[in-house]
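One structure below.
All values below come from the heavy atoms of this structure, side chains included, with hydrogens, waters and symmetry mates left out. Residue numbers start from 1 in every chain, and the chains themselves are labelled A, B, ... in the order their sequence lines are given, proteins ahead of strands.
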Protein chains: 2
Amino acid sequence: MTDDAIAAAFAPHDHQQCVHRALDEAAVRLKDQGARLTPVRRRTLEILLESHRAMGAYEVLDRLAAEGFGRQPPVAYRALEFLVQHGLAHRLQRLNAFAACLHPGDDHHPVFLICRSCDKVAEAPFTPIRDALSAVAREGGFHVERATVEALGLCAACAETEGQAPC
Amino acid sequence: MTDDAIAAAFAPHDHQQCVHRALDEAAVRLKDQGARLTPVRRRTLEILLESHRAMGAYEVLDRLAAEGFGRQPPVAYRALEFLVQHGLAHRLQRLNAFAACLHPGDDHHPVFLICRSCDKVAEAPFTPIRDALSAVAREGGFHVERATVEALGLCAACAETEGQAPC
DNA sequence: GGCGGCGTCGTTACTATATTACATTTCGGT
DNA sequence: ACCGAAATGTAATATAGTAACGACGCCGCC
Ligand SMILES: [Zn+2]
Ligand SMILES: [Zn+2]
Ligand SMILES: [Zn+2]
Ligand SMILES: [Zn+2]
């Protein structure tokens with residue numbers, strides 16, 4: 001998860017290939033783990049991958065229902081939870097939403113950078129922040145186990161066009 | 001917001017005085033701002049202050065309703081939003097909950113340390129984390145405007161009694 | 001082939017969280 | 001006393017998430 005990867009998430013790129021690669025990698029990882037990438041699960045991942053945005057569970061559900069899958073909340077929540085559990089997607093607390101993981105494979109718990117203009121989400125390395133956080137907490141006698149770090153701001157692409165229409 | 005303040009939030013302390021001081025400070029601050037600390041608002045703040053825990057809006061609402069205030073959601077949400085707006089309380093995204101601010105006066109946007117055993121919440125300085133976060137983001141061309149940092153872990157008091165009953 | 005366990009998928013029904021809209025009351029200034 | 005703004009209350013609704021249960025299909029075994 002390099003700095004380039006952050007920029008790449010917001011910049012225009014060969015998205016077909018980006019999606020394809022992610023799906024392939026997902027299939028491989030799941031096979032290794034003995035987990036099944038069923039049609040609903042696969043389609044859910046595809047839907048998340050289509051944009052680099054975070055999507056609410058009900059937004060995903062509408063898409064699934066329109067394509068002939070079940071139309072009740074558990075359908076979406078189960079698929080999303082499965083993806084999160086297997087490191088293929090993340091949950092964004094701040095938005096009550098989910099986003100496909102852009103770096104499955106890296107065993108990670110990232111920091112999220114959310115652009116308030118284009119709504120896209122990037123993942124940044126957690127380590128430097130965790131170090132700062134742990135240090136501050138430890139001095140107060142607190143032991144950090146898990147942390148949520150979600151930043152709202154402006155991506156490079158949107159900063160350039162600020163004032164104009166969103167990218 | 002010192003390290004001692006973090007430890008103090010979790011450690012036993014003269015809580016009557018702790019609450020009293022916070023209420024006094026709130027009254028002064030609001031008067032300065034020309035805002036009114038009405039009965040519902042004051043009672044809401046007291047309820048939050050009674051524990052150092054985060055409370056859900058409906059939990060607060062139940063308390064208010066039981067004391068003769070309105071029993072519809074907006075009653076609680078409005079009072080809570082008012083307190084948040086005026087820096088007397090914080091909203092915890094991760095818990096869908098609210099906690100009284102322990103350091104009104106410091107103009108701040110803190111990091112939250114939430115003990116998973118006793119549920120108490122402390123506030124830690126944001127600056128060191130923001131620096132680390134901004135640095136990471138900037139290298140990816142991302143400009144951070146606001147960030148949510150909420151850590152789950154174990155406070156010093158609970159770490160000592162771990163394995164026994166929660167403090 | 002038939003059987004049974006297990007995981008997946010779908011449904012209904014429900015809980016929890018939060019907001020919109022509108023009527024009524026309260027407060028401060030004139 | 002009067003007016004307008006802010007605050008309070010209500011009902012209704014929107015959004016987010018979970019529990020419980022039955023049906024179906026797959027796989028390993030008899
Ligand atoms: Zn892409
Ligand atoms: Zn953007
Ligand atoms: Zn206290
Ligand atoms: Zn504790």
Reckon [X] has a side-chain N or O less than 4.0 Å from the OP1 or OP2 of [N]?
X       : N      : result
A:Tyr58 : D:dT15 : no
B:Gln72 : D:dA11 : yes
B:Thr38 : C:dT26 : no
A:Arg91 : D:dG17 : yes
B:Arg41 : D:dA7  : yes
A:Asn96 : D:dT15 : no

Taking atom [atom2] of [N] as reference, at what distance in whole Å does atom [atom1] of [X] sit?
X       : N      : atom1 : atom2 : value
A:Phe98 : D:dA16 : CZ    : P     : 11 Å
A:Met55 : D:dT15 : CE    : P     : 15 Å
B:Leu61 : C:dT17 : CG    : C1'   : 12 Å
A:Glu59 : D:dG17 : CD    : C1'   : 16 Å

Taking any heavy-atom pair under 4.0 Å as a contact, classify B:Arg78: base, sugar-phosphate, or nothing.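 Here B:Arg78 touches the bases of the nucleic acid.
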
Nearest-0.5 Å distance that lies between atom OH in A:Tyr58 and atom CG in A:Asn96: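 A:Tyr58 atom OH to A:Asn96 atom CG measures 11.5 Å (nearest 0.5 Å).
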
Considering only heavy atoms from C-beta outward, does the side chain of B:Thr38 approach that of B:Arg41 to under 4.5 Å?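 Contact flag for B:Thr38/B:Arg41 side chains = yes.
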
Aromatic ring proximity A:His13/A:His52, centre distance under 6.0 Å: yes

Can the ring centres of A:Phe98 and A:His90 be said to be less than 6.0 Å apart?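 No, the ring centres sit 6.0 Å or more apart.
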
